[in-house]
K.L.:
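Supplied in structure tokens, the structure appears directly below.
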Amino acid sequence: MSWHISDIWIYTIGFIAQGLFSARLIVQWVKSEKAGKVLSPTIFWQLSLFASFLLIVYGVLRNDIVIIGGQLISYFIYIRNLRFKKAWRYLPVWFRVSTLASPVIALCYLLLNKQFHFHSLLHNPEISFPLMVWGSAGQIIFTFRFVYQWLHSEKLKKSVLPPGFWIISLVGSLMIISYAIFRLDPVLIVGQFFGVIIYSRNLFIHYKTAPQKKQAYS
């Protein structure tokens, strides 16, 4: 596979995005290890938002609807969690406005630009229909983890990362890894493989401390 200069820049954006996603997991994991329980730190959501924006850009440049679709919903859930943390309102107004507008602008660009129109996204010759369905299913499951997290947090009126979030993350991540292997996408493979380790560790921390919590309330 020969790479052009433009390909290098595209993959650089993708790897930076995945690096930020990995960084958020490392921060969340380290803080949780120190606290002895699963935490939902503010920086986790700040890094998530910035990384999601970059991955949307990467998806546009890669002409990959699976990547783009997987980010659009979770993008706004990141913002909602920052609201729970009371951190959103302290960001500059110009940043908040541009952040809210960015995914809408990106979507309009895809639909209106001749090179990146909706038909081409659904008929990418590099992605077979069964593979696109499998990858999309993985992204839907992977994205649903944040819908689940959001609904759970709305119920408690605070930002939390419940065990179901990590279980759904693990299932979706394994599906995306298999999609990425067939797609020959190193960005997705590296990013998701690292995530599997952190998701598993958070589940271990949760179920390790669960009996202690029951004893404390008994």
Side-chain angles (χ1 to χ4, degrees), residues 1-27 43-79 95 98-128 131-146 169 172-196 198-199:
M1 181 175 66
S2 60
W3 285 13
H4 301 289
I5 297 298
S6 58
D7 294 328
I8 294 175
W9 280 109
I10 291 172
Y11 280 111
T12 297
I13 293 173
F15 276 118
I16 291 174
Q18 290 292 7
L20 290 172
F21 277 132
S22 297
R24 72 173 180 178
L25 290 175
I26 292 174
V27 171
I43 193 172
F44 176 88
W45 303 108
Q46 293 170 332
L47 291 173
S48 296
L49 184 60
F50 188 43
S52 184
F53 169 77
L54 290 178
L55 204 57
I56 289 174
V57 173
Y58 173 75
V60 171
L61 296 175
R62 282 278 284 167
N63 195 27
D64 194 322
I65 194 173
V66 172
I67 296 174
I68 299 167
Q71 294 302 310
L72 289 179
I73 296 176
S74 56
Y75 187 88
F76 292 101
I77 293 177
Y78 301 151
I79 294 175
F95 179 83
S98 59
T99 299
L100 290 170
S102 294
V104 178
I105 294 173
L107 187 59
C108 290
Y109 176 79
L110 283 172
L111 295 175
L112 299 176
N113 190 284
K114 293 182 179 179
Q115 186 178 0
F116 297 106
H117 53 76
F118 192 68
H119 177 80
S120 67
L121 286 173
L122 293 177
H123 297 83
N124 190 332
E126 297 181 4
I127 309 176
S128 66
L131 183 60
M132 185 183 73
V133 171
W134 176 256
S136 298
Q139 280 289 10
I140 289 172
I141 292 173
F142 200 62
T143 301
F144 179 73
R145 67 186 179 145
F146 278 110
S169 297
S173 186
L174 291 173
M175 291 179 67
I176 294 172
I177 287 175
S178 63
Y179 165 81
I181 290 173
F182 284 102
R183 184 78 166 94
L184 299 177
D185 193 318
V187 171
L188 290 181
I189 294 173
V190 173
Q192 293 298 328
F193 180 79
F194 179 78
V196 166
I198 303 297
Y199 306 148

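Heavy-atom basis, side chains included; hydrogens, waters and symmetry copies ignored.
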K.L.:
Closest approach of Ala51 and Leu20, non-hydrogen atoms and distance?
P.N.:
CB-CB, 3.6 Å

K.L.:
Please round to the nearest 0.5 Å and tell me the distance separating atom CG of Leu25 and atom CG of Leu47.
P.N.:
9.5 Å

K.L.:
Counting only heavy atoms not in Ile43 (residues, nucleotides, ligands), do more than 12 fall under 6.0 Å from its CD1?
P.N.:
no

K.L.:
Excluding sequence neighbours, so at least two apart, what forms side chain to side chain contact (heavy atoms under 4.5 Å, CB included) with Val190?
P.N.:
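Checked Val190 against side chain to side chain contact (heavy atoms under 4.5 Å, CB included); matches are Phe15.
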
K.L.:
Could you check whether any side-chain heavy atom of Phe194 comes within less than 4.5 Å of a side-chain heavy atom of Ile198, counting everything from C-beta outward?
P.N.:
yes

K.L.:
Check whether more than 12 heavy atoms from other residues, nucleotides or ligands sit under 6.0 Å from atom CZ of Phe53, and answer yes or no.
P.N.:
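Counting other residues, nucleotides and ligands, CZ of Phe53 stays at 12 neighbours or fewer.
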
K.L.:
Is any side-chain heavy atom of Arg145 less than 4.5 Å from a side-chain heavy atom of Tyr199?
P.N.:
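Arg145 reaches Tyr199 side chain to side chain.
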
K.L.:
Side-chain contact test, heavy atoms from C-beta onward, threshold under 4.5 Å: evaluate it for Tyr179 versus Gln139 and give yes or no.
P.N.:
no

K.L.:
Can you tell me how far CZ of Phe76 sits from CG of Leu49, rounded to the nearest 0.5 angstrom?
P.N.:
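Between atom CG of Leu49 and atom CZ of Phe76 there are 9.5 Å.
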
K.L.:
To the closest 0.5 Å, what do you measure between CG (Asp185) and OH (Tyr58)?
P.N.:
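Spacing of CG (Asp185) from OH (Tyr58) equals 3.5 Å.
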
K.L.:
If I compare all heavy atoms of Ile141 with all of Met175, which pair ends up nearest, and what's the gap?
P.N.:
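Looking at all heavy atoms of both residues, the shortest contact is CD1-SD, 3.5 Å.
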
K.L.:
Which pair of heavy atoms, one from Leu54 and one from Ala17, lies closest together, and at what distance?
P.N.:
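Between these two residues, the closest heavy atoms are CB-CB, 3.7 Å.
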
K.L.:
Could you list the residues that satisfy side chain to side chain donor-acceptor pair (under 3.5 Å) with Ser178, not counting sequence neighbours?
P.N.:
Trp134

K.L.:
Are the side chains of Thr12 and Ile16 in contact, using a 4.5 Å heavy-atom criterion?
P.N.:
yes

K.L.:
Is any side-chain heavy atom of Val27 less than 4.5 Å from a side-chain heavy atom of Phe44?
P.N.:
no

K.L.:
Val196: what forms a side chain to side chain contact (heavy atoms under 4.5 Å, CB included) with it, not counting sequence neighbours?
P.N.:
Leu170, Ser173, Leu174, Ile177, Ser200

K.L.:
Check whether any side-chain heavy atom of Ser52 lies under 4.5 Å from a side-chain heavy atom of Phe21, and answer yes or no.
P.N.:
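The answer is yes; the side chains approach within 4.5 Å.
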
K.L.:
Do the ring centers of Trp45 and Phe50 come within less than 6.0 Å of each other?
P.N.:
no

K.L.:
Ignoring hydrogens, what is the shortest heavy-atom contact between Ile189 and Ala180? Give both atom names and the distance.
P.N.:
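Distance-wise, the nearest heavy atoms are CG1-CB, 3.5 Å.
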
K.L.:
What are the two closest non-hydrogen atoms of Ser48 and Tyr78, and how far apart are they?
P.N.:
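Shortest heavy-atom contact: O-CE1, 3.4 Å.
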
